[in-house]
Amino acid sequence: MKKNFDSLTKNQTLVLDCLKKARQPLGAYTLLKNLQGKGVKAPLQIYRALSQLAEKGLVHKIESLNSWTLCCETKHDASPIFAICEDCGDVREHLDEKIFRHLSNIPTNDGFRPDHAVLEIYGKCSNCV
Ligand SMILES: [Zn+2]
Ligand SMILES: [Zn+2]
């Protein structure tokens, strides 16, 4: 399935282009610094653009890095699993719906209702091993 890049706002397009150029996850403040010359002034504008892009499935947040990364080419509903290289910072997205289905079925006897899970795996990429 093709992704929908139509109807992106100016700020969404700027943020997306910035992440494409960076080729690595960026934090909101780095994005802001990069885009300040282009009319983006407030952190709120960055956060809004990021959450809208995330809703469209075009970017993901890497929680443990407090950064944002481009989604892979595939359109997917399930959360991705991120493999993060501790040496060079390279981040790869992997899809494995089975793991998340399993996680959402973990038995909870305290009434906890799982909503979503975050899976971020640290290690060394093939270039850094
Ligand atoms: Zn993705
Ligand atoms: Zn690496």
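Heavy atoms only: backbone and side chains are in, while hydrogens, waters and symmetry mates are out.
Summarising the geometry of G89 relative to P25, their closest heavy-atom pair is O-CD, 4.2 Å, with the distance given to 0.1 Å. Minimum interatomic distance between C71 and G57 (heavy atoms only, all atoms of both residues): CB-O, 3.4 Å. Nearest approach of A117 to L103, heavy atoms of both residues: CB-CD1, 3.9 Å.
Heavy atoms from other residues, nucleotides or ligands lying under 6.0 Å from CD of E97 number 12 at most. In the displayed structure, N105 atom CG is contacted under 6.0 Å by more than 12 heavy atoms of other residues, nucleotides or ligands.
With sequence neighbours excluded, the residues forming a salt bridge (Lys or Arg N to Asp or Glu O under 4.0 Å) with R92 are D90, listed by chain and number.
A donor-acceptor pair is defined here as one N or O able to donate and one able to accept, closer than 3.5 Å; such a pair exists between the side chain of S67 and the backbone of L65. Although no hydrogens or angles enter the test, the distance criterion places a donor-acceptor pair under 3.5 Å between the side chain of E93 and the main chain of C72. Formation of a donor-acceptor pair under 3.5 Å by the E120 side chain with backbone atoms of S64 is found in this model. Formation of a donor-acceptor pair under 3.5 Å by the T13 side chain with backbone atoms of T9 is found in this model.
With a 4.5 Å cut-off on side-chain heavy atoms, V59 and T69 do not count as touching. The side-chain heavy atoms of L31 and L19, taken from C-beta on, include a pair separated by under 4.5 Å. With contacts defined as side-chain heavy-atom distances shorter than 4.5 Å, the pair L58/L70 does not qualify. Contact annotation: the side chain of I121 never approaches that of H94 to less than 4.5 Å [non-hydrogen atoms, C-beta and beyond]. Between F100 and I81 there is a side-chain heavy-atom pair separated by less than 4.5 Å.
Put simply, I62 and L26 are part of two different groups of oily side chains (I, L, V, M, F, W, Y) that touch within less than 4.5 Å, one to the next. Hydrophobic clustering of Ile, Leu, Val, Met, Phe, Trp and Tyr side chains at less than 4.5 Å, counting indirect connections, keeps I99 apart from V118. Cluster membership for V91 and L119, using ILVMFWY side-chain heavy atoms within less than 4.5 angstrom, is not shared.
Among residue pairs with one or both ends in residues 38-71, those qualifying as ring-ring contact (aromatic ring centres under 6.0 Å, His included) are H60-H76, H60-F82; sequence neighbours excluded. Residue pairs satisfying the salt bridge (Lys or Arg N to Asp or Glu O under 4.0 Å) criterion with at least one member in residues 29-40, sequence neighbours excluded, are absent.
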Output, in order, the C-alpha distance, side-chain angles, deciding distance and verdict of side-chain contact (heavy atoms from CB on, under 4.5 Å) for L50 and K61.
-> CA-CA 9 Å; L50 283 168; K61 187 174 188 191; over 6 Å; no
